[in-house]
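One-based numbering, in listed order, for ligands and for the atoms of each.
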Amino acid sequence: MVGAGQMGSGIAHVCALAGLPVVLLDTKADALDKAMAAIARNMDRQVAKEAITAGQKADALARVTPSGDYADFADADLVIETVTEKEEVKRAIFRALTPHLKPSCILASNTSSISITRLAAGTDRPDRFIGIHFMNPVPVMKLIEVIRGIATAEPTFQAVQALAARLDKTTAVSEDFPAFIVNRILVPMINEAVYALYEGVAGVTAIDSALRLGANHKMGPLELADFIGLDTCLSIMQVLHEGLADSKYRPCPLLVKYVEAGWLGRKTGRGFYDYGATPPRPTR
Ligand code: NAD
């Protein structure tokens with residue numbers, strides 16, 4: 001895994017439990033410590049629920065090697081990139097990473113929205129490049145979207161299907177269009193909820209309880225936005241807006257403002273809710 005944030009640590013968690021050795025790389029000094037602590041904490045939860053044993057937890061944790069050096073990927077059969085949703089950041093990583101990989105290594109991106117074909121074209125292995133889009137939180141969510149770029153070879157696709165089966169996940173195959181299936185539908189709904197807030201239709205609590213109780217959603221859209229990360233939601237809207245050139249995908253200015261403030265949701269302690277309070281307090 002390149003990127004040890006919410007998604008990188010979650011994917012490392014499920015791979016390690018499935019018996020796969022994992023190298024987990026991040027450039028931020030504290031990200032790796034936080035990721036290893038989060039994996040251990042989430043596995044503790046599974047132990048408490050008797051979904052896994054303490055022995056399985058210990059074995060899985062021992063399979064995860066934190067790293068700050070691309071050379072540690074020399075033996076990898078698969079590298080999954082899970083860094084910030086910014087195309088130029090991902091491209092720079094692929095340029096630095098690929099010289100360290102063996103030729104047969106498959107390269108995947110966990111991007112929520114960016115073109116797999118375009119990312120692949122910037123690497124030395126478009127035929128062994130693919131989109132593997134896990135859902136958050138990875139240990140809980142059953143789905144993986146699999147996205148083939150125009151040049152993705154069949155054996156690459158089959159290898160990823162086999163991995164999904166090993167991780168006990170179900171796949172949905174999407175064509176390579178902006179934001180694929182889930183986020184094409186989900187994130188414009190979140191953006192619309194932010195517009196409703198921005199235009200004064202209702203407050204945070206009313207919007208979230210309306211969708212929870214009125215549409216039977218597990219989480220309200222603003223709660224969900226905080227859970228995903230407002231920076232990720234905004235990036236996805238920007239990719240939809242640019243990629244499909246339709247004004248209906250215009251990111252809500254209020255979403256932009258929250259991101260500019262660094263109020264990115266749960267991961268920074270504040271978004272549409274303030275997580276310093278119990279229960280979390282709406283910020284509007
Ligand atoms: P995050 O902010 O939690 O983590 C991103 C990590 O990338 C950070 O730890 C950061 O230090 C690291 N990073 C940044 N630049 C780096 C570099 N040059 N080299 C190595 N590491 C670097 O973000 P996240 O929620 O884990 O999202 C990661 C990816 O997964 C994004 O592409 C996002 O669209 C996608 N995704 C997110 C969700 C979600 O619900 N959050 C769901 C599915 C997919």
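In summary, the side chains of Ser113 and Asn183 do not present any donor paired with an acceptor at a separation below 3.5 Å, with no hydrogens or angles considered.
Using cut-offs of 30° and 60° for the angle between ring planes, the Tyr70 and Phe73 rings count as tilted.
Hydrophobic cluster membership is shared by Leu78 and Val146, with clusters built from Ile, Leu, Val, Met, Phe, Trp and Tyr side chains linked at under 4.5 angstrom. Ile190 and Val201 are not part of a single hydrophobic cluster, where members link through side-chain heavy atoms under 4.5 Å apart.
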Can you produce the list of protein nitrogen or oxygen atoms under 3.5 Å from a nitrogen or oxygen of ligand 1, alongside each distance?
unit_1: ligand 1; atom_1: 2 (O); unit_2: Lys267; atom_2: NZ; d: 3.2
unit_1: ligand 1; atom_1: 3 (O); unit_2: Gln6; atom_2: N; d: 3.0
unit_1: ligand 1; atom_1: 9 (O); unit_2: Asp26; atom_2: OD2; d: 2.7
unit_1: ligand 1; atom_1: 11 (O); unit_2: Asp26; atom_2: OD1; d: 2.7
unit_1: ligand 1; atom_1: 11 (O); unit_2: Asp26; atom_2: OD2; d: 3.4
unit_1: ligand 1; atom_1: 25 (O); unit_2: Gln6; atom_2: NE2; d: 3.2
unit_1: ligand 1; atom_1: 26 (O); unit_2: Gln6; atom_2: N; d: 3.3
unit_1: ligand 1; atom_1: 26 (O); unit_2: Met7; atom_2: N; d: 2.9
unit_1: ligand 1; atom_1: 30 (O); unit_2: Asn110; atom_2: ND2; d: 3.0
unit_1: ligand 1; atom_1: 32 (O); unit_2: Val83; atom_2: O; d: 3.2
unit_1: ligand 1; atom_1: 32 (O); unit_2: Glu85; atom_2: OE1; d: 2.5
unit_1: ligand 1; atom_1: 32 (O); unit_2: Lys90; atom_2: NZ; d: 2.8
unit_1: ligand 1; atom_1: 34 (O); unit_2: Glu85; atom_2: OE1; d: 2.9
unit_1: ligand 1; atom_1: 34 (O); unit_2: Ser112; atom_2: OG; d: 2.6
unit_1: ligand 1; atom_1: 36 (N); unit_2: Ser112; atom_2: OG; d: 3.1
unit_1: ligand 1; atom_1: 40 (O); unit_2: Asn136; atom_2: ND2; d: 3.4
unit_1: ligand 1; atom_1: 41 (N); unit_2: Gln6; atom_2: NE2; d: 3.4
unit_1: ligand 1; atom_1: 41 (N); unit_2: Ile228; atom_2: O; d: 2.9

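For the pair His217 and Glu223, the minimum side-chain heavy-atom distance is 4.5 Å or more.
A salt bridge is defined here as a Lys NZ or Arg NE, NH1 or NH2 lying under 4.0 Å from an Asp or Glu carboxylate O, and Lys57 with Asp44 meets this definition.
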